[in-house]
Amino acid sequence: MKQTILILTFALTTLLCYGQKEHLEPAKDFKQYEGVLKEYYDNVFPKLYKGFSQTPYARYTSMPSFSKEYAFSVETIDGKHYIISNSFSENFWYAKKRNTVKLISNKTEIDNILYSKIGELFQILAEQTKIPEKETMGLDGVSYYFATTDTSGQIKTGETWSPNDNSLLDKLVNVCDKLFSQDSKKNIIKTDILNEIETLIEEFKK
């Protein structure tokens, strides 16, 4: 009974506006949560963001209801640009012993062009983030967070909840999942990803 209540509490409190508008909404202030949710958020982000800078250039986070959480951050280290991708070995919320959850990390170098285009995309996302007019509830799904630092040094974080298939936000999530999966050891065509990002930028500007 207790576990069922916790599951429903987690699901309901991570609900977003489900109107499927083609822009992000301001992310919730996780510091305002209490009880088990506060404990979860206070622990999950520091662990998931290990190796990420405090002032993100471009940071993407996927928080599924049941499968493992994962994130990437675009970082500059010693003059070179990288995508650092982190994921858990299992869902952190449901782990019986959270201290046994392992962090899986990968760092892939990217060129200046891809670095700049990712930054441009995330800046546009921040500029177009809007407060929803109303909220409607859904249960299962994934919360996605997109964070960047603006010119004044403020961190801007937008979120969306399981966008509709083939919508603009769905395309955004798909591109970010590809960036998360970047690996110099794998045959991933960066030109295709760059073209997808450029297309997204143009579509968001319309």
Side-chain angles (χ1 to χ4, degrees), residues 3-30 32-33 36-38 40-41 43-45 47-49 52 56 58-74 83 85-95 101 104 118 121-148 155-182 193 196-197 199-201 203-204 206:
Q3 183 178 9
T4 301
I5 294 174
L6 291 178
I7 292 172
L8 289 174
T9 301
F10 175 71
L12 291 173
T13 52
T14 54
L15 299 177
L16 307 177
C17 174
Y18 203 62
Q20 298 301 333
K21 296 174 183 176
E22 297 297 1
H23 58 75
L24 302 177
E25 298 161 5
K28 294 179 176 64
D29 183 359
F30 296 104
Q32 294 183 356
Y33 287 111
V36 291
L37 285 172
K38 176 177 174 54
Y40 169 73
Y41 288 121
N43 284 275
V44 69
F45 289 122
K47 289 181 172 61
L48 186 59
Y49 292 166
F52 294 1
R59 187 176 66 205
Y60 167 72
T61 309
S62 174
M63 305 286 283
S65 296
F66 302 105
S67 55
K68 62 184 181 181
E69 300 92 340
Y70 60 92
F72 77 69
S73 182
V74 177
I83 295 177
S85 299
N86 290 345
S87 65
F88 288 135
S89 55
E90 58 183 306
N91 185 279
F92 195 79
W93 172 265
Y94 288 105
V101 177
I104 303 167
I118 295 173
L121 174 61
F122 273 67
Q123 286 294 324
I124 291 174
L125 295 176
E127 293 169 1
Q128 296 188 358
T129 298
K130 299 178 182 178
I131 298 175
E133 296 178 359
K134 60 180 179 178
E135 294 184 356
T136 53
M137 292 185 174
L139 288 175
D140 299 339
V142 184
S143 292
Y144 298 100
Y145 302 94
F146 305 80
T148 189
I155 298 175
K156 302 292 185 181
T157 305
E159 63 180 348
T160 190
W161 172 269
S162 293
N164 288 333
D165 291 342
N166 299 317
S167 65
L168 187 53
L169 290 179
D170 181 56
K171 295 176 183 178
L172 171 65
V173 167
N174 289 334
V175 165
C176 286
D177 280 343
K178 290 180 181 179
L179 290 172
F180 167 82
S181 300
Q182 282 287 293
I193 295 176
E196 289 183 54
I197 292 174
T199 299
L200 276 176
I201 289 172
E203 291 188 15
F204 274 113
K206 292 179 181 178

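Atom-to-atom distance recorded for Lys47:NZ and Glu69:CD is 12.0 Å, nearest 0.5 angstrom. Taken from CG in Leu24 to CD1 in Ile124, the straight-line distance is 12.0 Å, to the nearest 0.5 Å.
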Verdict with reasoning, Phe45 to Phe92, per ring-ring contact (aromatic ring centres under 6.0 Å, His included): CA-CA 10 Å; Phe45 289 122; Phe92 195 79; 9.9 Å; no
Residue pair Phe122, Cys176: steps toward the side chain to side chain contact (heavy atoms under 4.5 Å, CB included) verdict: CA-CA 11 Å; Phe122 273 67; Cys176 286; 4.2 Å; yes
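Partners of Glu196 by salt bridge (Lys or Arg N to Asp or Glu O under 4.0 Å), not counting sequence neighbours, listed by chain and number: Lys178. Legend: residues meeting ring pair (Phe, Tyr, Trp, His ring centres under 6.0 Å) with Tyr70, ordered by chain and number and at least two apart, are Phe180. Legend: residues meeting ring pair (Phe, Tyr, Trp, His ring centres under 6.0 Å) with Tyr60, ordered by chain and number and at least two apart, are Phe72, Phe146. Residues meeting the ring pair (Phe, Tyr, Trp, His ring centres under 6.0 Å) test with Phe52, sequence neighbours left out: Tyr49. With sequence neighbours excluded, the residues satisfying salt bridge (Lys or Arg N to Asp or Glu O under 4.0 Å) with Lys38 are Asp42. Under the rule for a side chain to side chain contact (heavy atoms under 4.5 Å, CB included), the partners of Asn174 that lie at least two apart in sequence or sit in another chain are Asp170.
Glu203 is listed as a side-chain neighbour of Lys171, based on a closest heavy-atom distance under 4.5 Å. Residues Ile104 and Ser87 form a side-chain contact, since some pair of their non-hydrogen atoms from C-beta on lies under 4.5 Å apart.
Look at Lys28 and Glu159 and you find a salt bridge, because one of the NZ, NE, NH1 or NH2 atoms lies within 4.0 Å of a carboxylate O, short of that distance.
Of the listed residues (Ile193, Ile197, Val175), just one forms a side chain to side chain contact (heavy atoms under 4.5 Å, CB included) with Ile118, and that residue is Ile197. The side chain to side chain donor-acceptor pair (under 3.5 Å) test with Thr148 singles out one residue from Lys156, Gln123, Arg59, and that residue is Gln123.
Side-chain atoms of Asn164 never come within 3.5 Å of backbone atoms of Ser167 as a donor-acceptor pair (strictly under, hydrogens ignored). A distance-only check finds no donor-acceptor pair linking the side chain of Glu25 to the backbone of Lys130 [under 3.5 Å]. Although no hydrogens or angles enter the test, the distance criterion places no donor-acceptor pair under 3.5 Å between the side chain of Asn86 and the main chain of Ala71. Within the 3.5 Å criterion, the main-chain N or O of Phe204 finds a donor-acceptor partner in the side chain of Gln128.
Summarising the local packing, CG of Asp29 is surrounded by more than 12 heavy atoms from other residues, nucleotides or ligands at distances under 6.0 Å.
Nearest heavy-atom pair across Leu169 and His23 is CD1-O, 3.6 Å. When all heavy atoms of Leu200 and Leu172 are compared, the pair lying nearest together is CD1-CA, 3.8 Å. Taking both residues in full, the closest heavy atoms of Ala147 and Thr157 are given as CB-OG1, 3.5 Å, listed atom of the first, atom of the second, then distance. Here the shortest heavy-atom pairing between Tyr144 and Pro163 reads CE1-CD, 3.9 Å. For Ser85 against Leu179, the heavy-atom pair with the smallest separation is OG-O, 4.2 Å. In this structure, Lys68 and Phe88 approach most closely via the heavy-atom pair CD-O, 2.8 Å.
Ring planes of Tyr40 and Trp93: perpendicular class, angle over 60° (limits at 30 and 60°).
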